[in-house]
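Data first, discussion second: the structure below is written as structure tokens.
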Amino acid sequence: SITFRVGTMDQFGRIQVDRPVKQIAEPKSTNATDFSFPSYCLDLSEKVIFPVTPAQKNGVEDARFVRFTDDDGSVQYFGTYTAYDGRNIEPQMISTIDFQTIRFEKLTGEIENKGMALFPRRIKG
């Protein structure tokens with residue numbers, strides 16, 4: 001397994017590792033697509049995306065995020081990833097404005113495997 005920790009290194013190469021969050025924060029959902037982390041879980045560097053939907057039950061891989069700026073200046077983050085349920089792979093999207101509340105959505109259309117890209121702003125639309 002892999003654990004990510006927050007810390008700093010000074011000019012002499014000494015490393016100071018911050019204390020980890022005391023609780024494991026599992027996102028909760030009120031429906032099948034929207035999930036929220038508990039209020040005590042604010043540090044983005046200590047959040048991990050685990051499988052939480054039936055389509056993801058055997059894995060979530062290759063998440064690639066882009067910071068999207070809309071025409072009105074608002075910012076949202078989108079990411080594509082592959083969901084695996086043990087039998088099928090499915091391209092999906094994750095979206096958030098704050099990494100506190102996240103939405104998972106199945107992508108539809110003519111998408112094969114991982115042949116997709118996201119752009120940081122609208123293009124003719």
>> Measuring from atom CD1 of Ile89 to atom CG of Asp62, what distance do you get when rounded to the nearest 0.5 angstrom?
In response: 10.0 Å

>> What's the separation between atom CD in Glu61 and atom OG1 in Thr82, rounded to the nearest 0.5 Å?
In response: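 Answer for the CD-OG1 pair, Glu61 versus Thr82, is 5.0 Å.
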
Indicate the atoms forming the closest heavy-atom contact of [X] with [Y], along with that distance.
{"X": "Met93", "Y": "Leu118", "result": "CE-CD2, 3.8 Å"}
{"X": "Ser95", "Y": "Glu105", "result": "OG-OE2, 4.2 Å"}
{"X": "Thr96", "Y": "Gln76", "result": "O-CG, 3.2 Å"}
{"X": "Gln92", "Y": "Ala83", "result": "CD-CB, 3.7 Å"}
{"X": "Thr101", "Y": "Ser36", "result": "OG1-OG, 3.4 Å"}
{"X": "Phe119", "Y": "Ile123", "result": "CG-CD1, 3.8 Å"}

> When you measure from the side chain of Asp85 to the backbone N and O of Arg87, does any donor-acceptor pair fall under 3.5 Å?
Replying inline: yes

> In chain order, what residues pass the salt bridge (charged side-chain N to carboxylate O under 4.0 Å, His left out) check against Asp34, with sequence neighbours excluded?
Replying inline: Arg103

> How would you list, by chain and number, every residue that makes a salt bridge (charged side-chain N to carboxylate O under 4.0 Å, His left out) with Arg14, sequence neighbours excluded?
Replying inline: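 Partners of Arg14 by the salt bridge (charged side-chain N to carboxylate O under 4.0 Å, His left out) criterion, ordered by chain and then number, come out as Asp10.
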
>> Between Val60 and Tyr84, is there a side-chain heavy-atom distance shorter than 4.5 Å?
In response: no

> Is the Phe78 to Phe65 ring centre distance short of 6.0 Å?
Replying inline: no

> So, for Phe68 and Tyr77, is the gap between ring centers shorter than 6.0 Å?
Replying inline: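 Judged by ring-centre distance (under 6.0 Å), Phe68 and Tyr77 do not meet the cut-off.
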
> Are Ile102 and Ile97 connected, step by step, through hydrophobic side chains (Ile, Leu, Val, Met, Phe, Trp, Tyr) whose heavy atoms are closer than 4.5 Å?
Replying inline: no

> Between Tyr81 and Gln56, does a side-chain hydrogen bond (donor to acceptor under 3.5 Å, both in side chains) hold up when you go through it step by step?
Replying inline: CA-CA 10 Å; Tyr81 65 95; Gln56 303 168 351; 2.8 Å; yes

